[in-house]
Amino acid sequence: MIERGKETVKNATIFGKLLRSRSTLLWAILVILIIFMCFKTSTGGSVSSVMSTGFLAEGNIRGIFLSIVVQGMMLIGLTCLIIGGEIDLSVGAQATVSAMLFAELCQSAPQLPWGVNVAICMALGVGIGLIYSFLVNVLKFMSFIATIGTSAVLSGLAMVWTNANIISIRQASFNAMGKIAFFGRLPLLFLFMMAILIVFAYIMSNTPYGRSIYMLGGNRTAARLAGLNPDHIRIKLFVQNSVLACVAGIFWASQMKLASPSAIVAALPDLSAITAAILGGVAFMGGKGNLAGAFAGMLLLNVFENMLNVLRVQPYWNIFAQGALLIAALVFDHISAEQHKRTLLKESMLDRLLT
Amino acid sequence: MKNKMKNKDFLKSKMFTLLVLEAALIIIFSIWARSIGNNFLTANTFLNLANSLVVTAFLAIGAGCLLISGEIDLSTAAVGAFGGVIVATAIRYWDLSWPLAVLLTLLLCAAFGAANALLVTRFNFQSFIATLAMASVAKGLMMFASVPPDGDNPIHVSFRSPGLEFVGGGKIGVLPFPVILIAIAFVVYGLLMSKTKFGRRTYMVGGNHRAAWLSGIDPKIILLILFINSSVLGGVSGVLASARAMQGGLQALGSAQFTGLTAAVLGGISFGGGTGGMGGAFVGLLIINTFQTGMQIVNVNAFWSNAFSGLILIAALAMDYFSNRAKTKIGS
């Protein structure tokens with residue numbers, strides 16, 4: 001029996017762990033997809049044509065990065081929320097309202113520096129987050145139904161605001177921020193998003209606050225008995241999620257130079273972010289997963305979507321694939337969790353028999 | 001004496017509160033409409049009200065039954081829109097007769113329900129995420145189904161069928177045919193839920209899943225039936241929407257998802273299951289539709305209605321929370 005135990009320890013070296021982890025699988029699929037795309041979509045055989053046409057072309061790569069910027073901001077907040085055992089189905093609507101507010105402020109008070117407007121939008125995010133945590137903490141709503149309701153309220157308000165018209169933004173420096181890209185391919189906003197992602201990944205894995213989120217998501221009662229205050233953690237989670245969603249809306253506005261009351265929600269970013277997180281190994285019931293995996297999931301999702309575009313597959317298959325992928329990822333999760341449970345059970349039974 | 005008790009119970013019941021709310025809404029809107037020179041209390045208004053019930057009523061029934069069993073289905077509107085396009089495509093491009101087309105549509109919708117039930121019971125999905133993903137799948141398939149044989153892009157499918165035209169807008173006497181259909185549906189489902197074995201078992205599954213299982217009820221089968229039921233009812237409302245417009249529209253049933261859910265919750269069917277009934281769901285539906293029709297008559301911007309539908313859902317949930325809290329306080 002003791003020998004068996006040693007064997008298990010030996011298998012769990014860092015290398016083995018890396019091989020078995022979800023993100024390694026995702027990165028591998030991602031690399032294969034990208035290599036496939038580079039050769040499939042370029043018109044000629046030479047290296048230069050690979051770089052200038054098809055998948056690796058400047059416009060295409062920038063397009064992927066720009067959609068990742070908006071989704072990524074939402075992904076960060078949502079991943080933390082899901083790990084903490086809650087969910088928010090209104091990040092798209094929050095981003096919309098924030099973008100509308102920002103554009104409105106820019107239009108009605110152009111003399112104000114736009115940094116102030118960003119701060120006001122972030123304050124809006126804090127407000128929304130506080131409302132959500134009130135609904136969930138005090139009124140005991142399930143978070144999905146509370147946020148479905150508020151999603152309708154927010155996107156409805158955005159439509160009422162301008163009678164479904166767009167507002168264009170004329171602040172040159174703000175629009176430039178969405179346009180700057182290094183090497184023609186790597187947008188500045190993407191680097192912003194990556195920086196925030198890294199900060200949050202650090203917070204989640206290395207601070208007491210981050211670990212308490214895992215504990216809350218893993219076992220609520222245990223977390224409370226261990227002296228954590230679930231209500232306080234949930235307030236922080238909802239507020240940070242809403243602020244990130246509001247900043248995502250501003251990033252979207254900066255890329256498009258306008259704010260639209262329907263465009264962000266129509267792209268279903270909420271569902272994409274959730275799918276990405278689940279694909280990346282975040283457990284839907286909370287307590288498991290990390291931001292690196294979720295980010296890999298999102299890259300994969302976006303490259304896949306882009307592949308469908310470049311190969312001229314009709315866009316409605318994208319919508320179909322989004323749902324189908326989410327279901328597939330969850331089924332996969334369930335099966336692997338069940339297998340894990342079964343092996344644990346078998347080992348403990350064996351141990352009992354042998355001793 | 002006994003009769004008096006009964007009266008008192010009724011005065012305290014949720015039904016009474018809802019009826020008072022409905023009456024208050026009618027009074028408020030009549031005064032508001034009068035003040036801007038319109039008239040609310042006309043026969044036309046009530047006909048509009050009845051017509052606006054048509055599409056959402058079936059969604060409310062499906063959502064209500066599922067909520068009683070403790071689950072939720074967020075895909076009914078998308079499945080309904082899919083059904084609406086399928087029935088149009090079947091009649092226009094596949095040359096099916098309309099009863100056959102409707103049958104095919106409902107069968108396909110039932111498949112979605114079965115898939116939802118499989119995910120929830122076999123793979124332990126939370127029902128909201130399973131059905132949310134299924135909604136996306138249904139939406140993609142709907143667009144695929146609406147692509148004409150000689151084209152590339154999804155487009156509204158218009159069709160001609162006198163039979164379906166009658167189903168969607170025909171009249172028997174003064175009453176529109178679909179309104180009669182709704183009345184029958186509410187009565188049938190009301191009896192099904194309150195008087196039959198199946199109905200009682202549904203309440204039991206919703207009230208305490210494990211206790212139901214221990215007492216010999218198989219929750220999986222109950223949930224399978226209910227999910228299929230909800231998808232089929234979604235399909236029925238999709239067919240009715242198409243029959244009224246003579247067109248399978250890509251935007252059909254857009255916000256109807258909420259209306260159905262909200263009506264059920266407003267009518268006293270609480271999240272978590274085991275309580276409420278079809279009568280409450282009907283009055284809840286009536287309140288929401290009175291509100292929406294009223295807003296149209298007093299000329300409020302149509303975009304407000306979307307915002308309000310979410311607000312009413314949250315208000316209904318909050319009401320539910322407070323009434324539950326009051327109950328447990330009395331109990332303890």
Side-chain angles (χ1 to χ4, degrees), chain A residues 82 87 89-90 93 131 135 138-164 261-262 268 270-272 274-275 278 284-285 312 314-335 337-338, chain B residues 72 74-75 78 115-116 118-119 122-147 152-154 250 255 257-258 261-262 265 271-272 300-318 320-322 324-325:
Chain A
I82 295 176
I87 200 160
L89 296 173
S90 68
I131 293 175
L135 292 178
V138 181
L139 297 188
K140 311 285 177 216
F141 284 15
M142 278 184 275
S143 48
F144 84 90
I145 192 71
T147 51
I148 282 181
T150 49
S151 168
V153 175
L154 290 173
S155 52
L157 282 180
M159 296 291 268
V160 173
W161 199 327
T162 58
N163 250 325
S262 58
L268 293 177
D270 323 46
L271 206 58
S272 312
I274 294 170
T275 310
I278 305 286
F284 192 71
M285 305 300 245
R312 298 198 195 293
Q314 288 285 348
Y316 47 81
W317 287 118
N318 258 335
I319 302 177
F320 174 83
Q322 229 164 40
L325 271 175
L326 180 53
I327 291 175
L330 281 166
V331 167
F332 183 77
D333 265 4
H334 175 77
I335 292 175
E338 222 156 56
Chain B
I72 191 172
L74 297 176
S75 68
N116 279 333
L118 180 78
L119 293 176
R122 169 69 186 79
F123 293 106
N124 280 346
F125 282 30
Q126 283 181 336
S127 49
F128 87 89
I129 194 74
T131 51
L132 199 62
M134 201 54 83
S136 190
V137 170
K139 207 169 170 193
L141 287 179
M142 170 194 79
M143 288 176 156
F144 172 63
S146 70
V147 175
D152 286 329
N153 293 313
L250 297 176
S255 63
Q257 179 75 63
F258 283 119
L261 255 182
T262 312
V265 178
F271 266 81
V300 173
N301 185 339
F303 291 122
W304 275 114
S305 79
N306 200 13
F308 274 118
S309 69
L311 218 54
I312 296 176
L313 177 60
I314 291 177
L317 284 166
D320 192 43
Y321 167 74
F322 284 117
N324 274 346
R325 203 176 60 163

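In what follows, chains carry the letters A, B, and so on, assigned in the order in which the sequence lines appear, proteins first and then strands, with residues in each chain numbered from 1.
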Side-chain polar contacts of residues 317-331 of chain A - donor-acceptor pairs under 3.5 angstrom, sequence neighbours left out - could you list them?
| from | atom 1 | to | atom 2 | distance (Å) |
| --- | --- | --- | --- | --- |
| A:Q322 | NE2 | A:S272 | OG | 2.8 |

Task: Region of B:F258 that comes under 4.5 Å of a non-hydrogen atom in chain A - done: side chain
Open item on the list: Using a 6.0 Å cut-off, check whether atom CZ of B:F123 has over 12 heavy atoms from anything other than its own residue.
Closed with: yes
- [ ] Report the C-alpha separation of B:L132 and A:F144 in whole Å, then their side-chain angles, then the decisive distance to 0.1 Å, and conclude whether the side chain to side chain contact (heavy atoms under 4.5 Å, CB included) test is met.
- [x] CA-CA 11 Å; B:L132 199 62; A:F144 84 90; over 6 Å; no
- [ ] Just give me the residue among B:I72, B:D320, B:I314 that pairs up with chain A most often, heavy atom to heavy atom, under 4.5 Å.
- [x] B:I314
Task: Best-contacting candidate, A:I335, A:N163, A:L135, against chain B by heavy atom pairs under 4.5 angstrom - done: A:N163
- [ ] Output, in order, the C-alpha distance, side-chain angles, deciding distance and verdict of side chain to side chain contact (heavy atoms under 4.5 Å, CB included) for A:V153 and B:F308.
- [x] CA-CA 6 Å; A:V153 175; B:F308 274 118; over 6 Å; no
Open item on the list: Is B:L74 in contact with chain A via its backbone, its side chain, both, or neither, using a 4.5 Å heavy-atom distance?
Closed with: side chain
Open item on the list: Using 0.5 Å steps for rounding, measure from the CG atom of B:L313 to the CZ atom of A:F141.
Closed with: 8.0 Å
TODO: Below 4.5 Å from any heavy atom of chain A, which atoms of B:V265 appear? Answer side chain, backbone, both or neither.
DONE: neither
Open item on the list: I want to check something: taking the side chain as every heavy atom from C-beta on, are B:F128 and A:I87 in contact at a cut-off of under 4.5 Å?
Closed with: yes
TODO: Would you mind reporting whether B:I129 and A:I274 have side-chain heavy atoms less than 4.5 Å apart?
DONE: yes
Task: Contacting region of A:L271 [heavy-atom separation from chain B under 4.5 Å] - done: side chain
- [ ] Kindly write out the residues that satisfy side-chain hydrogen bond (donor to acceptor under 3.5 Å, both in side chains) with B:T131, not counting sequence neighbours, or none if the list is empty.
- [x] none
Task: Atom group of A:I278 that falls short of 4.5 Å from chain B, counting heavy atoms - done: neither
TODO: Measure across A:E338 and B:R122 and return the closest heavy-atom pair with its distance rounded to 0.1 Å.
DONE: OE1-NH1, 4.2 Å
Task: Within-4.5 Å side-chain heavy-atom neighbours: B:L141 and A:Y316 - done: no
TODO: Counting only heavy atoms closer than 4.5 Å, note whether B:L119 contacts chain A via side chain, backbone, both or neither.
DONE: side chain
